[in-house]
2 protein chains.
Amino acid sequence: MGGSRIGEQGDGVLRLTKKADYGLMALKYLAEHPDSVSVSAKDIADTYGIPPQLLAKVLQRLTKVGLLRSHAGMNGGYALSRQAQQISAFEVIHAIDGPLFITSCTKGSKSCDLEPNCTIKEPLARVNESIAGVLKSISVYDLVDADTAAARGQDGLVTLLHSQAV
Amino acid sequence: MGGSRIGEQGDGVLRLTKKADYGLMALKYLAEHPDSVSVSAKDIADTYGIPPQLLAKVLQRLTKVGLLRSHAGMNGGYALSRQAQQISAFEVIHAIDGPLFITSCTKGSKSCDLEPNCTIKEPLARVNESIAGVLKSISVYDLVDADTAAARGQDGLVTLLHSQAV
DNA sequence: TGAAGTGCGACAAATTTAGTCCTATACTGA
DNA sequence: TCAGTATAGGACTAAATTTGTCGCACTTCA
Ligand code: SF4
Ligand code: SF4
């Protein structure tokens, strides 16, 4: 195992995929340009230097899930289907990369084969919920207005913690 | 892109590595057997069906970082170097998989090339801190006594949120 | 009708993770 | 003192995932 050499590790565990990253950037861009009726994938890709075809797929997925409205043809493109405040980072990531599970088990298609005698599955599920909570408390709007994000995130998280078991 | 087919996604984003999983299981096991002076990697691996050599590496890393004490030779093995309550999930994951960064950038070896004109880097760094906070509030002891984990986790998180910006 | 879009499946490349092998070294006890 | 058991760790292979590309069908509009 390459990464097994004791002195060093490949940095960035629990990493978001690039696609999720791209999706968030695109949504932020759309939130910042409410004037434009619709923006094409290519426009956004060019602005940030993202591979256009890849971003297109991401936006297609976000459209399919209902976070975006799309319009084909000339001057076509995408637009937010809701207010930026109403779209959470969790929804975006979920739409792009699927359900957020920190473990390989957790009722998905392929569960790990040592699930039967695994003893940390349950506690980790709780941790998973906490992390999901953090992501749910962040909206696309928070990405735009970074200064208010801290306050909103904090409030959101605290109320979340008070209303459900962690 | 295989995973790009619109209808489905590879499930489990933000996933922990197996190695981190193994490490947590092993630490839990050690916490549950304080009677034993030391437990060998093979013993733990056999109990859970983990590849022994791989677990050995994980335990070696945990030892190097000071979370475990090791002892070679017959009847040798590993033991916790601190109380289970004093070892956070964050430390374990950090030791095994390196710094926890949800983004590819964040001052590590290789930052993503669209960092200059990326606008979501800053907000995501905050999210990253929140997630790290969740992991820091969970101890190995919480994995053992799952019932108290909820309470402890909640307290830990709330106080964390009150003491630092999210 | 043709240029500019989206929608989507298949494919290839790159990267990361998982797991194995092999050797060296340390300790233990008969 | 020597055989056996265990940690320490580097090198390597294999599997899985992520990332990116192509090609084509379909839509819209000037
Ligand atoms: S069953 Fe246990 S080891 Fe397997 S993925 Fe779930 S938590 Fe990790
Ligand atoms: S896109 Fe932005 S946030 Fe994501 S890794 Fe690159 S610089 Fe960091």
| task | Check every atom of D:dT19, C:dT17, C:dA18 against the side chain of B:Lys18 and return the nucleotide holding the closest atom. | result | C:dA18
| request: Using the side chain to side chain contact (heavy atoms under 4.5 Å, CB included) rule, take A:Leu68 and A:Leu27 through it: C-alpha gap first, then chi angles, then the decisive distance, then the call. | output: CA-CA 9 Å; A:Leu68 293 179; A:Leu27 287 185; 3.6 Å; yes
| task | Kindly point out which of C:dC8, D:dT7, C:dT17 is positioned nearest to the side chain of B:Thr17? | result | C:dT17
| remark: To the nearest angstrom, the CZ-P distance between A:Arg15 and D:dT17 comes to 15 Å
| message | Rounded to whole Å, how long is the line connecting atom CG of B:Leu54 with atom P of D:dG9? | response | 16 Å
| Residue closer to the 5' end of DNA chain D, A:Pro51 versus B:Gly77 (nearest nucleotide) | B:Gly77
| query | Using a cut-off of less than 4.0 Å, is there contact between a side-chain N or O of A:Tyr22 and OP1 or OP2 of D:dT18? | reply | no
| query | How long is the line joining CE of B:Met74 and C1' of D:dT5, in whole Å? | reply | 6 Å
| query | Side chain of A:Gln60: nearest nucleotide among D:dT27, D:dT19, C:dC8? | reply | C:dC8
| field | Check: B:Lys28 side chain, A:Ile120 main-chain N or O, donor-acceptor pair, under 3.5 Å | value | no
| request: Could you tell me whether the phosphate oxygens of C:dG7, OP1 or OP2, come under 4.0 Å of any side-chain nitrogen or oxygen in A:Ser70? | output: yes
| query | Are A:Ile102 and A:Leu124 side-chain neighbours, meaning at least one heavy-atom pair lies under 4.5 Å? | reply | yes
| message | Are there over 12 heavy-atom neighbours, none belonging to A:Asn75, within less than 6.0 Å of that residue's CG? | response | no
| request: Give the minimum heavy-atom separation between B:Ala20 and B:Ile93, together with the two atoms involved. | output: CB-CG1, 4.4 Å
| note | Atom CG of B:Leu68 and atom C1' of D:dA8 are separated, to the nearest Å, by 14 Å
| query | Where the side chain of B:Ser40 is concerned, which of D:dT19, C:dA18, D:dT7 is the nearest nucleotide? | reply | D:dT7
| task | Please evaluate the base of D:dG10 for a donor-acceptor partner in the side chain of B:Lys57 within a cut-off of under 3.5 Å? | result | yes
| request: Map A:Pro52 and A:Gly73 onto DNA chain D by nearest heavy atom, then report which one ends up closer to the 5' terminus. | output: A:Pro52
| A:Arg61 CZ to C:dT6 C1': how many Å, rounded? | 16 Å
| task | Specify the separation, in whole Å, of atom NZ of A:Lys42 and atom P of C:dT6. | result | 11 Å
| query | Taking N and O atoms by type only, does the side chain of B:Gln53 place a donor or acceptor under 3.5 Å from a partner on the base of C:dC22? | reply | yes
| From C:dT17, C:dG7, D:dG4, pick the nucleotide closest to the side chain of A:Thr63? | C:dG7
| Within this structure, what is the CG-to-C1' distance between A:Leu114 and C:dA18, rounded to whole angstrom? | 13 Å
| message | Would you say A:His71 places a side-chain N or O within less than 4.0 Å of OP1 or OP2 belonging to C:dA4? | response | no
| Looking at side-chain heavy atoms only, is the closest gap between B:Thr47 and A:Asn117 below 4.5 Å? | no
| request: Under 4.0 Å between any heavy atoms, over every strand shown, what does B:Ala56 touch: base, sugar-phosphate, or nothing? Just pick one. | output: nothing
| Could you state the CG-P distance from B:Leu14 to D:dT17, rounded to the nearest angstrom? | 15 Å
